[in-house]
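Before any comments, here is the structure.
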Number of protein chains: 2
Amino acid sequence: MARRTQGTSAGLDRERIAAAAVVLVDRDGLERFGVRRLAEELGVDPMSIYHHIKGKAALLDAMSEAVLAEVAAGVDDAPRDWEEITRWTAHRYREMAYRHPRVFPLLATRAQTSPVALAALERLVTAMREAGLPDQAVADAPLMLFGFLNGYLLAVLSGGSDVVGDMPAIDATAYPTMATLTPLQVGFGSVAEFDRMLDAVLGGIRNRADR
Amino acid sequence: MARRTQGTSAGLDRERIAAAAVVLVDRDGLERFGVRRLAEELGVDPMSIYHHIKGKAALLDAMSEAVLAEVAAGVDDAPRDWEEITRWTAHRYREMAYRHPRVFPLLATRAQTSPVALAALERLVTAMREAGLPDQAVADAPLMLFGFLNGYLLAVLSGGSDVVGDMPAIDATAYPTMATLTPLQVGFGSVAEFDRMLDAVLGGIRNRADR
DNA sequence: TTGTCAAACCTACACCGTAGAATTTATCGT
DNA sequence: ACGATAAATTCTACGGTGTAGGTTTGACAA
């Protein structure tokens with residue numbers, strides 16, 4: 001163990017720590033993640049981390065924030081139309097989830113109130129509002145969209161294998177209709193499936209304009 | 001400590017253990033939950049539990065299964081029309097989530113493959129199929145519906161207080177549009193809000209028939 | 001009676017999050 | 001140049017965790 005001498009800076013800060021934590025969880029999973037393992041990865045004493053981050057909960061928050069930031073990257077290339085900007089955000093969000101499948105549960109579980117999250121929501125709702133969608137539809141949209149995104153991605157990624165496979169085979173005699181439908185679920189986790197369902201959700205938001 | 005004598009039965013079984021675990025998590029939260037605390041609650045040695053349930057992961061699965069079973073209770077009163085049965089299931093699911101807000105994250109995070117879960121899905125898809133919905137729409141419906149339900153309920157319940165309050169106040173100068181919309185979010189977590197979004201999702205599923 | 005077996009318990013181990021204090025270095029006003 | 005102060009890191013220690021492996025007990029069948 002290459003120990004550091006006390007007093008000298010190890011160049012630790014919230015950002016570096018969070019980045020290392022994401023790498024660690026991507027590799028070993030959330031179960032095996034812990035402050036001690038992270039410290040070893042950083043070549044540092046476990047308690048050093050606590051000088052930059054209050055505790056494990058705050059550490060998990062920092063990780064969420066770090067991966068969320070990836071979504072906003074390159075936001076200047078984003079389209080202006082509300083449907084297109086929503087689709088763009090949803091796809092960026094999905095790609096982030098596939099890049100960090102073992103970190104993603106943190107995002108879905110913990111409330112996101114970081115500036116980067118709020119900024120993304122603000123972009124969405126302003127675009128919708130300018131397009132003339134009714135206020136209630138706009139106000140509902142974020143919870144509805146990210147509700148779906150979080151739940152869907154959680155389900156699709158919970159398989160665990162990096163190459164997303166198909167669902168577990170189901171008993172044809174006990175559940176005949178579902179068995180009949182399985183051929184249509186070959187693309188479980190595919191972009192095509194994602195786009196189908198995203199279209200349906202967007203349609204649900206759009207049609208609120210008619211009431 | 002009223003210790004039991006070895007050899008005698010303590011009347012433990014998977015069901016009783018899971019029920020006690022749900023009560024414990026409802027009271028103290030997932031963070032504080034552990035095999036030892038559960039054992040104390042049951043008046044039993046921690047390791048006794050492992051004779052009925054493989055490990056902590058299996059214990060969490062058993063808890064999910066237990067609360068899921070509440071949803072299916074009284075299924076004979078369920079309607080026949082696909083939209084109504086879907087609404088009925090969604091409401092039952094929501095009520096269960098509000099009854100066990102601290103257990104619910106387990107449901108959303110872990111893949112549900114228990115017979116009770118599959119039976120509910122089978123009811124849904126058969127009703128949809130008999131109503132003449134296109135096969136792809138039917139095949140997509142469960143993932144889409146429960147994706148939304150899980151994500152939405154996760155978000156709504158993550159506040160933590162038993163009486164669901166309002167969202168945290170947001171900075172009006174940094175996020176002007178969102179600030180304008182906040183009055184429309186007074187019913188955060190209410191049945192009315194839930195019904196609005198559920199309607200939109202159902203509409204999204206229904207309109208797939210037209211393509 | 002005796003043998004078998006399942007259910008419960010006991011012991012022990014490696015690991016965890018973190019409170020609190022000690023240690024070293026950098027910084028800055030004088 | 002110097003002493004005080006502050007900040008970053010490490011050290012030590014405590015109470016908790018999940019669970020592997022072995023031991024005890026009682027019930028029941030032969």
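Being a predicted model, the structure only gives us computed values, none of them experimental. The analysis underlying the following values was restricted to heavy atoms, covering all of them including side chains, and did not include hydrogens, waters or symmetry mates.
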Provide, to the nearest angstrom, the distance between the [atom1] atom belonging to [X] and the [atom2] atom belonging to [N].
| X | N | atom1 | atom2 | value |
| --- | --- | --- | --- | --- |
| B/Arg14 | C/dA7 | CZ | C1' | 18 Å |
| B/Leu38 | D/dT19 | CG | C1' | 15 Å |
| B/Leu30 | D/dT17 | CG | C1' | 15 Å |
| B/Ile53 | D/dG18 | CD1 | C1' | 14 Å |
| B/Asp28 | D/dG16 | CG | C1' | 15 Å |
| A/Lys54 | C/dA19 | NZ | P | 11 Å |
| B/Leu12 | C/dC9 | CG | C1' | 12 Å |
| B/Leu60 | D/dT19 | CG | C1' | 15 Å |

Would you say [X] and [Y] make side-chain contact, with heavy atoms under 4.5 Å?
| X | Y | result |
| --- | --- | --- |
| A/Val25 | A/His100 | no |
| A/Tyr93 | A/Leu145 | no |
| B/Phe104 | B/Leu154 | yes |
| A/Arg208 | B/Arg196 | yes |

task = State whether A/His52 places a side-chain N or O below 4.0 Å from either non-bridging phosphate oxygen (OP1 or OP2) of D/dA7.
result = no
ask   = Want to settle it: does A/His51 or B/Ser48 sit nearer the 5' end of DNA chain C, counting the closest nucleotide to each?
value =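 With A/His51 and B/Ser48 compared, the 5'-side residue is B/Ser48.
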N/O donor-acceptor pairs under 3.5 Å from side chains in residues 58-66 of chain B, not counting sequence neighbours:
residue: B/Asp61; atom: OD1; partner: B/Arg110; partner atom: NE; Å: 2.7
residue: B/Asp61; atom: OD1; partner: B/Arg110; partner atom: NH2; Å: 3.4
residue: B/Ser64; atom: OG; partner: B/Leu60; partner atom: O; Å: 3.0
residue: B/Glu65; atom: OE1; partner: B/Arg14; partner atom: NH2; Å: 2.7

request  = Choose from C/dC10, C/dA7, C/dG20 the nucleotide whose nearest atom is closest to any side-chain atom of B/Met47.
outcome  =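 The nucleotide sitting nearest to the side chain is C/dC10.
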message = Of the listed nucleotides (C/dA7, C/dT18, C/dC10), which one gets closest to any side-chain atom of B/Asp45?
response =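 The answer is C/dC10, which lies nearest to the side chain.
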task = Look up atom OG1 in A/Thr89 and atom CZ in A/Phe146, then write down how far apart they are to the nearest 0.5 Å.
result =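 Here the rounded value is 6.5 Å.
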Sequence neighbours left out, cut at 3.5 Å: what donor-acceptor pairs do the side chains of residues 172-183 of chain A make with other protein atoms?
residue: A/Thr173; atom: OG1; partner: A/Asp171; partner atom: OD1; Å: 3.1
residue: A/Thr177; atom: OG1; partner: B/Glu122; partner atom: OE2; Å: 3.2
residue: A/Thr180; atom: OG1; partner: A/Pro176; partner atom: O; Å: 2.9
residue: A/Thr182; atom: OG1; partner: A/Ala179; partner atom: O; Å: 2.5

note = A correct 5'-to-3' footprint of nucleotides 12-17 of chain C, with B, S and - meaning base, sugar-phosphate only and no protein heavy atom under 4.0 Å, is B---BB
